[in-house]
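These notes concern the structure reproduced below.
Protein chains get the first letters and strands the later ones, always in sequence-line order, with residue 1 at the start of each. Values reported hereafter were calculated over all heavy atoms of this structure, with side chains retained and with hydrogens, waters and symmetry mates removed.
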Number of protein chains: 2
Amino acid sequence: MTQHNELDRIDLKILATLQDDGRITNQALSERVGLSPSPCLQRVRRLEKLGVIKGYSCHIDLERVAQTITVFVSVSLSSHEKGAFGAFEAAVADIPELVECHKVSGQFDYLLRFVCSDIGTYTAISDHLLATGPEGLNLSSHVVLQATKESKGVALERLVRQ
Amino acid sequence: MTQHNELDRIDLKILATLQDDGRITNQALSERVGLSPSPCLQRVRRLEKLGVIKGYSCHIDLERVAQTITVFVSVSLSSHEKGAFGAFEAAVADIPELVECHKVSGQFDYLLRFVCSDIGTYTAISDHLLATGPEGLNLSSHVVLQATKESKGVALERLVRQ
DNA sequence: CTTGAAAGTTACTACGG
DNA sequence: CCGTAGTAACTTTCAAG
């Protein structure tokens with residue numbers, strides 16, 4: 001089965017535009033990418049069906065909604081035997097305050113990001129994790145003091161060479 | 001001047017819904033939050049003007065667009081004298097591959113996230129950073145091997161108690 | 001790919017409770 | 001604050017070039 005997953009310049013421009021303004025109308029989008037509305041909409045639907053566009057969301061300024069803290073946690077497992085990684089991932093999977101979990105190379109094994117209502121909540125989470133997670137779990141917590149740069153997305157033009 | 005920044009249950013429901021589906025129509029949104037379309041739209045516009053909603057975007061499955069690597073970098077500055085933090089932030093500010101930069105507490109001072117087209121690009125960036133950044137810069141790189149959990153947003157209901 | 005047309009939705013505004 | 005209602009704009013699908 002032949003795959004038709006190739007993206008041309010226009011597709012990339014659509015993606016970059018929608019990444020910048022996810023609620024742009026199809027008409028405005030079509031003008032920006034130099035197409036008429038119908039083929040533009042066709043491309044957007046195709047990108048959605050292919051899974052290239054995974055979804056849409058609004059960006060919320062959390063500070064204006066509630067007091068929260070963001071905590072990055074580097075995790076190292078003393079045991080790298082079979083099951084240790086799975087046990088850890090299972091232990092964190094259903095924590096609603098966990099926003100991201102990445103397995104990484106380097107001095108530690110995982111990097112987590114939590115968003116909690118307060119330090120107490122985070123403390124309870126990390127305590128619970130140490131109690132229920134695999135043996136030899138080592139957590140190192142880093143509370144975010146200031147977000148110097150917050151991503152609105154990646155620079156697609158730099159990541160794809162045509 | 002009195003501020004009217006308070007958010008009620010309906011506002012939070014609007015935010016949670018738009019966080020989950022940023023392209024939902026106002027009509028569907030109004031049904032979900034139990035309002036008729038016009039007051040619902042009024043609230044959305046108010047949230048946008050207040051800056052609670054900072055914008056909208058689509059989520060792109062980068063793997064389907066181009067081969068990329070994500071690298072988390074923990075940074076420590078040997079000098080915490082005046083100017084050291086500013087010098088570092090200035091050095092990283094304009095790197096397009098830098099997606100996030102957080103000043104954090106704990107064993108290191110900053111946590112960065114880069115998305116690059118390949119390791120070579122990242123290496124060039126970190127080399128350049130070490131060359132142009134402040135003295136005593138210590139970088140520790142962590143290439144993301146697998147994203148175990150990727151955030152679609154925060155759990156607003158858990159962060160705000162009404 | 002484009003244009004253009006037609007039908008269905010939606011957004012937006014103004015007005016009234 | 002809410003809802004109703006009307007208009008303009010947009011989306012979506014179609015056919016034809």
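Rounded to an integer number of Å, the gap from CZ of A:R43 to P of D:dT12 is 17 Å. In this structure, B:E31 atom CD and C:dT9 atom P are separated by 12 Å, rounded to whole Å. Between the P atom of D:dC1 and the CZ atom of B:R9 lies a distance of 14 Å, rounded to the nearest Å. For the pair A:D8 CG and C:dC1 P, the interatomic distance rounds to 8 Å; values are reported in whole Å. The nearest whole Å value for the distance from the CD atom in B:Q27 to the P atom in C:dT10 is 5 Å. The interatomic distance linking B:K49 (NZ) with C:dC12 (P) rounds to 11 Å, in whole Å. Atom CD1 in A:I14 sits roughly 13 Å away from atom C1' in C:dC1 (whole-Å rounding). Remark: P of C:dT9 and CG of B:L29 are 19 Å apart, rounded to the nearest angstrom.
Salt bridge A:E100/B:R113: present, at least one basic N to carboxylate O contact under 4.0 Å. One finds no salt bridge joining A:K152 and A:D20 here, because no Lys/Arg side-chain nitrogen approaches an Asp/Glu carboxylate oxygen to under 4.0 Å. Under 4.0 Å is where a charged nitrogen must lie from a carboxylate oxygen, and between B:K54 and A:E150 no such pair does.
Here the rule is side-chain contact (heavy atoms from CB on, under 4.5 Å) with B:F114, and of B:V73, B:V143, B:T68, B:I69 only B:V73 fits it.
One finds the OG atom of B:S140 at 3.5 Å from the CD atom of A:Q107 (value rounded to the nearest 0.5 Å).
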Sort me out a list of protein N/O and nucleotides 13-17 of chain D N/O pairs below 3.5 Å, or just none if empty.
none

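Residue A:E63 places its CD atom among 12 or fewer non-hydrogen atoms of other residues, nucleotides or ligands, all under 6.0 Å distant. By the neighbour-count criterion of 12 heavy atoms within 6.0 Å, atom NZ of A:K13 is sparsely surrounded, having that number or fewer from other residues, nucleotides or ligands.
Remark: A:S36 is in phosphate contact with C:dT2, judged by side-chain N or O atoms under 4.0 Å from OP1 or OP2.
Residue order along DNA chain C, read from the 5' end via each residue's closest nucleotide, puts A:Q42 first among A:Q42 and B:T25.
Comparing atom distances between the A:P39 side chain and each of D:dT11, C:dT2, D:dC2 picks out C:dT2 as nearest.
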